[in-house]
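First the structure, in the form of structure tokens, and then the observations on it.
Every chain is numbered from 1, with letters handed out A, B, ... down the list of sequences.
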Amino acid sequence: MSLNEQKALLEEIAPELIEYKPKVEEKKLPPLPHALRGRVVTRLPPEPSGYMHIGHAMSGILNYVYAKMYDGKIWLRFEDTDPRKVKLEYYESFRKGYRWLGIEWDYEKNNSDDMELFYEYAEKLINKGYAYICFCKQDKIKVYRREGIKCEHRDHSVEENIRFWNNLLDGKYGEGEAVLRLLGDMSSTNTTMRDPSIFRIVKHPHPLHGSKYIVWPLYDYAVAIEDYLCNVTHVLRTSEFALRDELQNYIRKILGMDREIHYIEYSRFEFKGTPVSKRKLRKIIEMGLASSWDDPRFPTVEGLIRRGIMPEAIREFTLTQTGFTYVKREYDWSLLYAYNRRVLDPTARRLFFVPDPVELIVEGLKSGEIALPYHPTNKELGYRKIRYSNIFYISKSDVATVKPGTIIRLKYLANFRIVDIDLNNNKVVSEYVEGGPSESLQIIQWVPKVEYIPVRVLVPEPLYLDEEEINNESLKIIDGYGESNIIDIRYGEIVQFERFGFCRRDSEKENIFIKSHE
RNA sequence: GCUCCGGUAGUAUAGCCAGGACAAGUAUACGGGGCUUUCGACCCCGGGACCCGGGUUCAAAUCCCGGCCGGAGCACCA
């Protein structure tokens, strides 16, 4: 008895004895250092200055899963302290994106809601001699910081600084004329510690607060304070922030905010040929290669949705394929597809789509109607009916290399023997052969001539061939014929076109699909 | 230029801090086989990696030094 026969027999006589092992063991994230059950607080800190993308998504999942793992809490906190970059529509892009991923946040706030508080703390710092108003030009500050040179404004008295600060708040200076700087250490090897600016003037309305404020805090200052105020215990973020841990800890220390915050940093999540950078994506749009930010080739959440990527797949992928490394990494899309396929396969309806069709006549086949299952094993998905005569469309590639005399099977329907192939005129003549499926027979999908519809499938491919070289043919168009039941596929539904791949309906009215993967 | 950080199969990772059962685990991709009326799913098998050089040690993927390569930062962005 073969192993498979034994298994089959066992299943028949004693199914309860069979041990079903999940294919992929649920990989647990490594333990979070310094984490106490019920005490962990993490955060989703998007800057609403662009659309949410897969990097935000994966980082968000990490922060969320860790919070859940320790029965902790998670904040959604918008880092919106640059009025010039922030836009209302982007706030919503992130809320929608996180919801789509299944991330439920416990609290929500905007950094820009705490402006008065930021001012209060600034005054404290000035009074303690930890901050000073600097009137140097931006370029000079830059050079001095690089060289580690102190400027003359550093020596102003507390009284002078308070007066300047009030002038600043009162709008007596123009943009670029003055900033509030933290008294750090101009000789530190960590350049972020060399008297960083913590407030600057921005005379531009904020989408949430209009023109109420003209003095805005910079990132490190706002984040340091907010993380404390939100009781954040663990920060998981990408490595471009690594050098700022020291600064943010320092800001809290001189403000008397004594609570340790743990940082875990890792390199960006990137996918081959799919840049996340706004600059590179904008270039694609400007070149006319894509028309919008929800393009299925884009890494934006909207793009991923159109491409048929499921949130569960992103989640599994993040939990199993990710690590806290500083190495530059570029994921192969196939890694994500593998998880997506596992999500889609059990519930995606199967239908027939014939790319690059040629006509097939099956002489001797009587016309009729047949019911075919929507899924090979999931019977709940039911059946669909197809009416047919003896003329069909099949894919050119399925007959391109076969010779007359070959017998092929139309899946679920009939076998035929090829009599003549005329590929120049896209015609194949054959005769009906009685019999069912057998292991030697090639089985292909088909579409009847009496009822078919034209179907278009868009196939997304990498946008970039390497760092800078753009792929000019990143979106392939495949036209073909599909069975008429395709009309009933809902907008947004993902189905599997048999022997072609998983595809998502991308249009309410037109039969346009986007291929996810095979 | 300066300052940090890192280099494990095609890809992504585990292991490194606390050297020894690591002839390096896992996923995916790839090759072969099985199952299946799909080229999907599922099952089995297979090949494939510790950046280079030196040192310490009985023993190095793991510790030390040098080189090479890569990443991040050096904003009145976040």
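Nearest-nucleotide positions on RNA chain B place A:Phe269 closer to the 5' end than the other of A:His375 and A:Phe269. Take the nearest nucleotide of RNA chain B for A:Asn111 and for A:Asp398: the residue whose nucleotide is more 5' is A:Asp398.
Contact of A:Asp220 with B:C77 (side chain to base): no donor-acceptor pair of N or O atoms is detected under 3.5 Å.
For A:Gln321, taking side-chain heavy atoms from C-beta onward, the closest of the listed nucleotides B:U28, B:A27, B:C76 is B:A27. The listed nucleotides are B:C4, B:U11, B:C76; the one nearest the side chain of A:Lys272 is B:U11.
Salt bridge A:Glu175/A:Arg200: absent, no basic N to carboxylate O contact under 4.0 Å. A salt bridge links A:Arg77 with A:Asp227; the closest basic N to acidic carboxylate O contact falls under 4.0 Å.
Taking the ring centre of A:Phe500 as origin, the terminal cationic atom of A:Lys515 falls inside the region bounded by 6.0 Å and 45° from the ring axis.
With hydrogens and angles left out, the side-chain atoms of A:Ser49 and A:Lys278 include a donor and acceptor closer than 3.5 Å.
Residue A:Arg409 is in base contact, counting any heavy-atom pair closer than 4.0 Å across all strands shown. Across all strands, A:Glu265 comes closer than 4.0 Å to no nucleic acid atom at all (heavy-atom distances).
The CE atom of A:Met193 sits 14 Å away from the C1' atom of B:G73 (whole-angstrom rounding).
The stretch residues 142-150 of chain A touches RNA chain B through A:Lys142, A:Arg145, each having a heavy atom under 4.0 angstrom from the strand.
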Which donor-acceptor pairs under 3.5 Å do the side chains of residues 212-220 of chain A make with protein atoms, sequence neighbours left out?
from, atom 1, to, atom 2, distance (Å)
A:Tyr213, OH, A:Glu116, OE2, 3.1
A:Trp216, NE1, A:Tyr213, O, 3.2
A:Tyr219, OH, A:Arg237, NH2, 3.4
A:Asp220, OD1, A:Arg244, NE, 2.9
A:Asp220, OD1, A:Gln248, NE2, 3.0
A:Asp220, OD2, A:Arg244, NE, 3.0
A:Asp220, OD2, A:Arg244, NH2, 2.8

